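Have a look at the structure below before the remarks.
To find a chain, count down the sequence lines: A is the first, B the second, and so on, and within it residues start at 1. In this text, all values refer to a predicted model and were calculated from it rather than measured experimentally.
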Number of protein chains: 2
Amino acid sequence: MKKFMNTSDDFLKESLQGFGAAHQDIVSVYYDPNFITRSQSTKEGKVALISGGGSGHEPMHGGLVGHGMLDAACPGFVFSSPTPDQMLAAAEKVDSGAGVLFIVKNYSGDVMNFQMASEMMQSPNESVLTNDDVAVEDSSFTTGRRGVAATVLVEKIVGSLAEHGGSLQECKSLGDKVNKNSGSMGVAFSSCTVPAAGKPTFELGFDEMEFGVGIHGEPGRRRDKIKPAQDITNELLEAIIEDLKPNSNEEMLLFINGMGGTPLTELYLVFDNAKKFLDSKNIKISRSLVGNYCTSLEMQGASITLTKLDEEIVKHWDSKVHTAAMRWGM
Amino acid sequence: MKKFMNTSDDFLKESLQGFGAAHQDIVSVYYDPNFITRSQSTKEGKVALISGGGSGHEPMHGGLVGHGMLDAACPGFVFSSPTPDQMLAAAEKVDSGAGVLFIVKNYSGDVMNFQMASEMMQSPNESVLTNDDVAVEDSSFTTGRRGVAATVLVEKIVGSLAEHGGSLQECKSLGDKVNKNSGSMGVAFSSCTVPAAGKPTFELGFDEMEFGVGIHGEPGRRRDKIKPAQDITNELLEAIIEDLKPNSNEEMLLFINGMGGTPLTELYLVFDNAKKFLDSKNIKISRSLVGNYCTSLEMQGASITLTKLDEEIVKHWDSKVHTAAMRWGM
């Protein structure tokens, strides 16, 4: 296993320490239980947004804590759900009286632990469950569709509404809408290695890809031979479009997400190929995002997310955001 | 070879097309000859900053074009120098009468081609040559030290001075100072594959690393066994510090740069380990940068750069920047 690490036990802690030290203007990191908050306290009356999940998907979620996005993130061990004490400690720190919205990716462990935290909390709270992955209906760690890269979009868009004074119910409704408006699907060219496991999660032949892969290396729709990027892109988009059924001339956001080990150059090439395909279908890309946001450790691969836009979503997408990983409109 | 690509001939063009389409608010991309400019023209009387080099190091340099940084970038084919016609076409587009500063990494091909462009130009121009890599004195494609990740810092800092009205000579002097104040060294855990070559540039055993690697996979100081991250970090920093000879309590910028295939989690862990080492040497990290900025396609690995700070450098580091890959202070 080739990783920058000392021991697998210290992997998460040292990474969080580095993250906190490098971005002390934006975040504060707490340990035992582990959680990340903004360095400035939540303003009174603002709904507090908390997300979390297993580590290994960075910059999601810690890199998305900051003005216009999350108030706190709870990192579990690599590919393991955080525990309710983390969510409760984070909520206690960032709840300013307007309630807490949990943004949870649909994996059985996360759902259970966030549910427990929700029930243990005294103050009003709601949850948005993301399940944008159109690849498969059930999966290794999930009943129902998996929550993947659209979670980043939900966090940005709901984060803006919360910053602009949206109520707990309004934030939940918008989050549910963005999730429903989104479809994602990914492909892996290589596996990834969980530090504590020390060996690759799965094996891929030298000319193989996992089509429809999950963000923990869960199986997708099939194992296939590597193909030209345009063919892979078209197939991913066809699956997403079949699910989302956009109208002709519908305006959408196109998000090309890297899995961690694929360079930016290739992600931009996928963006180009996706644009060509969508142009041919009269689907208009009016907003875009390209980069490594919802990753799977060092996995080589990428996912595509499409989100149907409306005036409200566009307004909150464009608004100011200032986190370690996403910044604009400042 | 597992890459998102269609043909190696179209790799660069399709990637540039995607880059241009995803960031049309920030950049304009021109073809035959290939170059990237800001989407808004250079304001009159502002020194124009142009960089470039082989592709495969993204986001450097195209992702660094924008307010507060570069005016134009000239991408060559993967790991190949751009040609003088690219620099001349870019210069013609962005020269607003105050002269052109070329920022060139020290590789024989780049030096020769930028030199030719400089001589063919009618208008005043100067060059800053970066050579921050302390690993080796001469290398496969270089006479003298290689220019690596500190080039990103030079472009940020000089970009700010140019934006604030610095003259051509002042910009050159500041660029030379930042280069002189900087030292870098990297390590590779895996090779990378140039699309047109179709096979890895070099081979590494399952437990080996290339210590002091160049950004095109050039040999470093030695081939070594993988070690704990703290040991690797200490050794890289010792080499840099031996070169830079900082004073005790000197304030420095610490830049942990990913080579393209290493996830953010590990880069933050290296930041943590570097901070521990530097704390023990009474070196104060007052500015920082962590991420994939000067990459080598999908290579797994990282480099560390230290830059001695002074008031002028800090002022221009902190100032507003708005490019595809670096944004703050807005």
Name the option with the most non-hydrogen atom pairs under 4.5 Å to chain A; the candidates are B:Phe271, B:Phe4, B:Phe19. B:Phe4
Decide yes or no for B:Leu264 and A:Pro59: does some side-chain heavy atom of the first lie under 4.5 Å from some side-chain heavy atom of the second? yes
Residue selection (most heavy-atom pairs with chain A, distance under 4.5 Å) from B:Gln230, B:Lys3, B:Lys275: B:Lys3
Which pair of heavy atoms, one from B:Leu269 and one from A:Phe11, lies closest together, and at what distance? CD1-O, 3.6 Å
Output the option from A:Ile226, A:Leu267, A:Thr295 having the highest count of non-hydrogen pairs under 4.5 Å with chain B. A:Ile226
How far does CG of B:Asp272 sit from CG of A:Leu16, to the nearest 0.5 angstrom? 9.5 Å
With a 4.5 angstrom heavy-atom cut-off, could you sort out which part of A:Ala302 is near chain B: side chain, backbone, both or neither? both
More than 12 foreign heavy atoms under 6.0 Å from NZ of B:Lys276: is that the case here? yes
When you measure from the side chain of B:Arg327 to the backbone N and O of A:Trp328, does any donor-acceptor pair fall under 3.5 Å? no
Can you give me the closest heavy-atom contact between A:Ala22 and B:Ser288, atom names plus distance? O-OG, 3.3 Å
Less than 4.5 Å apart, side chain to side chain, heavy atoms only: is that true for B:Glu266 and A:Met5? no
Result of checking A:Glu58, A:Glu14, A:His23 against B:Tyr268 for side chain to side chain donor-acceptor pair (under 3.5 Å): A:His23
Does the side chain of B:Asn273 come under 3.5 Å of the side chain of A:Asn6 through a donor N or O and an acceptor N or O? yes
Among the listed options B:Ser55, B:Gly56, B:Pro263, B:Ser15, the residue most often paired with chain A at heavy-atom distances under 4.5 Å: B:Ser15
Please look at B:Glu298 and chain A and tell me whether the side chain, the backbone, both or neither of the residue comes under 4.5 angstrom of a heavy atom of that chain. both
Could you check whether any side-chain heavy atom of B:Leu204 comes within less than 4.5 Å of a side-chain heavy atom of A:Lys2, counting everything from C-beta outward? yes
Euclidean distance, A:Phe206 CZ relative to B:Met1 CE, rounded to 0.5 Å: 12.0 Å
